[in-house]
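Because only heavy atoms are used, hydrogens play no part in the values below, and waters and symmetry mates are left out as well, while side chains stay in. Values in this document were obtained by computation on a predicted structure and should not be read as measured data. Order of the sequence lines sets the chain letters (A, B, ...), proteins ahead of strands, with each chain counted from 1.
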Amino acid sequence: MVIAESKPLAEILDMIKDFKKIVVAGCKGCVTVCCAGGEKEVAILASELRIARKAAGNELEVKEYTCERQCDPEYIEPLDDLVADADAVLSIACSVGPQYVAARYPYLRVYPGLNTTSIGGAVEHGVWTEFCQACGSCIIGNFGGLCPITRCAKQLLNGPCGGSSEGICEVGKGSIPCIWQLIYDRLKNLGELHKLTEVQLYKNWSTSRDGGLRTTTREELKQ
Amino acid sequence: MTAEYSAGSKLEKIFKSGQKAVTGECGPPRGTDVEHFKKKAAFLKGNVDAVNVTDNQTAVVRFCSMAAAKLLLEMGQEPVMQMVTRDMNRIGLQSNILGAAALGIKNLLCLTGDHQSFGDNPQAKNVHDMDSIMLAHTLKNMRDEGKMVSGTECQGRPRMFIGAAANPFADPQEFRVVRMGKKIAAGVQFIQTQCIYNMERWRKFMEMANDMGLTEKCFIMAGITPLKSVGMANYMKKFVPGLDVPDSYITRLKGVPKDKVAAEGIKIAVEQIQECLAMKGVAGIHLMAIEWEDHVPEIVKAAGLLPRPVVEAD
């Protein structure tokens with residue numbers, strides 16, 4: 001799923017400092033699962049903003065709504081009435097959401113309340129890690145099902161580099177496991193260490209962000 | 001190995017003559033202070049066969065390795081130009097290979113480079129379109145097949161001797177030699193290792209390299225960095241990932257009067273050089289006397305490596 005986290009309150013307050021009425025819009029998709037932009041977080045953020053602005057002697061009217069998903073036009077529609085007299089929408093979906101909101105309301109200001117951090121998953125309660133960079137051409141089958149593009153700081157395909165020490169990457173001050181150690185251990189378990197002796201050559205990055213905006217089309221589903 | 005020269009650099013010729021080669025290192029300055037660079041490089045002249053010029057090492061901005069390599073050529077010294085894949089994509093890297101070859105640079109050390117989080121621009125984007133192994137493969141293909149990555153024909157091939165680094169002290173230990181083997185399979189002809197302190201582990205690494213036949217396919221140079229002080233030794237031990245400084249060396253440095261520590265560090269380096277050269281498969285020494293270039297003549301002399309062979313590059 002898409003992982004996101006809240007922007008600092010001060011940054012959000014600064015973005016909306018000129019407005020009197022805003023809508024805080026959440027999303028019941030990924031950001032609900034990673035506890036950053038669901039119904040609960042919408043309510044908390046709305047209260048925080050009201051309190052902060054009241055304390056500053058500049059009251060703010062905040063309406064709350066959590067879309068089923070913000071990455072589908074039909075789920076943005078319920079915002080129509082709410083935004084009618086609003087100065088701005090503060091979306092706390094992943095950064096796809098505010099862009100859908102912006103597309104629907106050409107004359108309405110839209111701001112992101114979250115920083116979208118990665119495509120990943122939970123590794124323990126309250127901790128989420130990145131697992132995929134959406135390079136558009138998955139190669140993890142060569143590496144025991146683990147992704148060095150995402151999980152190696154140098155995106156090495158012929159790792160591990162000289163900075164792998166006791167299973168830990170030199171980047172991240174001891175907090176990041178060396179994915180190449182994990183790949184090595186896994187291929188050893190699978191009896192496939194020989195795979196690591198093959199020289200991996202150039203990756204085609206044109207399917208990644210480098211190739212320009214990516215659009216996925218399924219002709220059979222198009223109407 | 002045949003006496004046919006793929007690049008005709010002085011370094012390649014010395015290796016292929018069967019003599020032990022010695023390389024040094026000279027880091028370009030963090031500015032345009034050419035005189036400082038030349039002064040450091042001058043200490044190496046006649047004491048080493050070729051001089052590595054680093055490419056923004058530790059991800060700190062310095063003047064570029066190609067310019068530094070060209071300055072060395074003008075000083076009558078042979079450069080080993082280092083090139084990292086961190087800062088340029090395949091377009092930039094191939095362009096620099098061609099440019100460097102056009103300037104007469106004949107040795108290229110292919111590296112991935114230190115991560116930018118260690119340098120002075122931790123907010124920089126890194127590239128890593130290729131890694132060191134792909135870079136070596138690229139150069140080999142350009143030189144031997146006349147083909148660029150895209151398949152385009154090179155109009156004039158870059159005649160360069162292909163080098164890379166190896167760290168025998170990183171993990172997983174049993175994979176380090178295998179990884180060096182991958183570099184060699186990709187086209188690497190000489191290896192310069194990370195600084196060696198743990199001689200036991202180094203010896204095991206070389207035994208494995210010999211067993212795998214790698215020392216017959218590639219010239220392996222032992223990387224030696226003299227310990228200048230107890231502080232430096234402690235720093236290397238504690239803070240440089242993949243470096244393994246045994247306590248015995250630190251004890252030795254601590255055991256001499258303060259004004260004798262540097263001399264003891266040099267003594268250790270000389271002992272290490274001699275021990276390395278006695279090992280099967282070690283083809284030379286890469287002496288990285290970081291900001292201590294003025295001590296290189298003394299170390300090389302004490303190690304019995306002078307005079308250096310007089311060889312002309314093609």
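Taking the six-membered ring where tryptophan is involved, the planes of B:F205 and B:W202 are essentially parallel, since the angle between them stays under 30° and well short of 60°.
Only the side chain of B:M130 comes within contact range of chain A, with heavy atoms under 4.5 Å apart. In this structure, the portions of B:T138 lying under 4.5 Å from any heavy atom of chain A include both its backbone and its side chain. In this structure, the portions of A:Y202 lying under 4.5 Å from any heavy atom of chain B include both its backbone and its side chain. With a 4.5 angstrom heavy-atom cutoff, A:L157 touches chain B via backbone and side-chain atoms both. With a 4.5 angstrom heavy-atom cutoff, B:R176 touches chain A only via side-chain atoms.
Annotation: side chain of A:L49 is in contact with side chain of A:L9 (closest heavy-atom distance under 4.5 Å).
For B:E153, the CD atom counts as densely surrounded, since its 6.0 Å shell holds more than 12 non-hydrogen atoms of other residues, nucleotides or ligands.
Counting heavy-atom pairs closer than 4.5 Å to chain A, the top-ranked of the candidates B:V127, B:V149, B:V178 is B:V149. Of the residues considered (A:G159, A:P160, A:A153), A:P160 shows the highest number of contacts with chain B, using heavy-atom pairs under 4.5 Å. For the options A:K154, A:E166, A:Q155, heavy-atom pairs under 4.5 Å to chain B are most numerous at A:K154. If you tally non-hydrogen atom pairs under 4.5 Å between each of A:V199, A:L193, A:L156, A:L201 and chain B, the highest count goes to A:L201.
No side-chain N or O of B:D129 forms a donor-acceptor pair with one of B:N89 less than 3.5 Å apart.
The pair B:D55-B:R86 fails the salt-bridge criterion, with no side-chain N (NZ, NE, NH1 or NH2) lying under 4.0 Å from an Asp/Glu carboxylate O. A salt bridge does not link B:E174 with B:R179: none of the charged nitrogens is closer than 4.0 Å to a carboxylate oxygen.
The stretch residues 171-183 of chain A participates, sequence neighbours left out, in these side chain to side chain donor-acceptor pair (under 3.5 Å) pairs: A:Q181-A:D185.
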